[in-house]
Each structure stands twice: as C-alpha cells, then as structure tokens.
> 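Following this message is one structure expressed as structure tokens.
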Amino acid sequence: QVQLVESGGGLVQAGGSLRLSCAASGGSFRSLIMAWFRRAPGKEYEFVAGVSRSGATPIYADSVKGRFTISRDNGQNTVSLQMNSLQLEDTDLYYCAAKSGNYVYRISTNYDSWGQGTQVTVSS
C-alpha cells in the first residue's frame, strides 16, 4: 500500500484560503485514483474531491464546487487541494485517500490507503 502524508491545514477566517498537500510514497502514484475526504468527529467520511490518474478529470462535491480545486503532480507524487472562499461549515479533519482502478468513487470504503488527516478550522 502507498503511504500518504497530508500537510497544510490550519486556522483561517471565513472567506480565506488554504492549500492542502498530500505526499505519496511506497507505491506507483501514477496508477492511483486520488481523493480528498473530510470528517467531523462521530460522523461519516464526506467526499470532497477526486482526480483521475492523469489529473484531467476532477470531480467535486456540490458543496465545494467552484471554491475548491484538486490537482496532482505525477512527477512529484503529490496531490493538492486549493480551498478558496472557505466557510464555517468547511471546518473538519481532511484526509487524503488513494485507490487503484479507473474511476473516482465518492464512497470512502472504496479507498484502501489513507493519510493521518490534517485539521482545517474556519473561524468567523
């Protein structure tokens, strides 16, 4: 399994921006579908965004469409999530996830590699 390490979380005011990064190691990054999920304590994982192996086909949750951008760098084995116009309800623990295959799925159980999570807190 690939190892994933997230970074870039923090505290930001509503309307601000943050950029999350996820570094992958120990696997064939180019063969992986990559995604970002988020989860509040005691709740289920919520799909945020996913990207195809080439990076050409990003998919977003309706709640973040137009505000967040997912991208990947297959040369650097990284995937990023640029988050703009952050809202209070974006406060969560954000996870990077990976799976093999050809398609981005929105269900967390389809992913078999996960990072440790990075906290994003949006204040008013």
Side-chain angles (χ1 to χ4, degrees):
Q1 280 188 343
V2 66
Q3 287 77 50
L4 304 174
V5 178
E6 303 98 336
S7 61
L11 174 65
V12 64
Q13 285 192 323
S17 299
L18 279 176
R19 184 177 180 87
L20 306 183
S21 293
C22 173
S25 61
S28 177
F29 185 74
R30 293 173 185 269
S31 69
L32 298 172
I33 299 293
M34 300 300 299
W36 288 93
F37 286 80
R38 62 189 183 187
R39 187 175 69 169
K43 294 193 174 182
E44 299 290 323
Y45 285 104
E46 177 189 3
F47 175 80
V48 176
V51 66
S52 60
R53 291 178 294 179
S54 69
T57 314
I59 295 174
Y60 299 96
D62 288 344
S63 58
V64 307
K65 200 173 295 183
R67 301 188 297 121
F68 291 11
T69 302
I70 187 171
S71 60
R72 67 187 295 163
D73 185 335
N74 286 342
Q76 297 293 321
N77 290 358
T78 58
V79 60
S80 298
L81 186 68
Q82 177 66 42
M83 305 185 295
N84 299 328
S85 302
L86 282 161
Q87 303 168 356
L88 297 179
E89 49 268 35
D90 293 319
T91 294
D92 252 330
L93 195 57
Y94 283 71
Y95 295 87
C96 176
K99 63 179 288 294
S100 57
N102 297 319
Y103 303 105
V104 174
Y105 289 118
R106 299 172 182 258
I107 307 300
S108 61
T109 52
N110 289 116
Y111 293 78
D112 47 28
S113 295
W114 291 81
Q116 81 288 351
T118 185
Q119 179 68 40
V120 171
T121 303
V122 184
S123 65
S124 58

> For atom CD of Gln116, decide whether the heavy atoms of other residues, nucleotides or ligands shown that lie under 6.0 angstrom number more than 12.
yes
> Kindly indicate, with the supporting measurements, whether the criterion side chain to side chain contact (heavy atoms under 4.5 Å, CB included) is fulfilled by Asp90 and Met83.
CA-CA 9 Å; Asp90 293 319; Met83 305 185 295; over 6 Å; no
> Hey, does Val2 have a side-chain heavy atom less than 4.5 Å from the side chain of Phe29?
no
> Pairs under 3.5 angstrom only: tabulate donor-acceptor contacts from the side chains of residues 55-65 to other protein residues two or more places apart or in another chain.
residue	atom	partner	partner atom	Å
Tyr60	OH	Ile70	N	2.9
Asp62	OD1	Lys65	NZ	3.2

> Using every non-hydrogen atom in the two residues, find where Gly101 and Ile33 come nearest and quote the distance to one decimal.
O-CG1, 3.7 Å
> To the nearest 0.5 Å, what is the distance between CG (Asn77) and CG (Leu4)?
10.5 Å
> Counting distance only, does the side-chain N/O of Thr91 pair as donor-acceptor with the main-chain N or O of Val122 below 3.5 Å?
yes
> At what distance, to the nearest 0.5 angstrom, does OG of Ser124 lie from CG of Leu88?
5.5 Å
> Hey, could you give me the OG1/CG distance between Thr78 and Asp73, rounded to the nearest 0.5 Å?
4.5 Å
> With hydrophobic residues grouped by side-chain heavy-atom distances under 4.5 Å, do Val79 and Phe68 end up in a single group?
yes
> Among residues at least two apart in sequence or on other chains, which ones pass ring pair (Phe, Tyr, Trp, His ring centres under 6.0 Å) with Phe37?
Phe47, Tyr111, Trp114
> So, using salt bridge (charged side-chain N to carboxylate O under 4.0 Å, His left out) as the criterion, who are the partners of Arg19 when residues are at least two apart?
none
> Any pair with a residue in residues 24-77 that passes disulfide bond (SG atoms under 2.5 Å apart), sequence neighbours left out, goes on the list, sorted by first then second residue, please.
none
> Which atom pair, heavy atoms only, marks the closest approach of Met34 to Cys22?
CE-SG, 4.5 Å
> Between Ser17 and Ser85, what is the shortest heavy-atom contact and its length?
OG-N, 4.3 Å
> Treat each ILVMFWY residue as a node, draw an edge where side-chain heavy atoms are under 4.5 Å apart, and state whether Tyr94 and Tyr105 are in one component.
no
> Taking Lys43 first and then Asp92, would you say they form a salt bridge - that is, a charged N and a carboxylate O separated by under 4.0 Å?
no
> Main chain of Ser52, side chain of Arg72: is a donor-acceptor contact present, judged purely on distance under 3.5 Å?
yes
> Quick one: does Asn102's side chain get under 4.5 Å of Arg53's, heavy atoms only?
yes
> Please enumerate all residues that pass side chain to side chain contact (heavy atoms under 4.5 Å, CB included) together with Leu93, with sequence neighbours excluded.
Tyr95, Gln119
> Could you tell me the separation between the OG atom of Ser100 and the CD atom of Gln1, rounded to the nearest 0.5 Å?
10.0 Å
> Just verifying a value: how many Å separate Glu44 CD and Arg39 CZ, rounded to the nearest 0.5 Å?
8.0 Å
> As an exercise, state the distance from CG of Leu20 to CH2 of Trp36, rounded to the nearest 0.5 Å.
4.5 Å
> What residues, two or more places apart in sequence or in another chain, satisfy salt bridge (charged side-chain N to carboxylate O under 4.0 Å, His left out) together with Glu6?
none
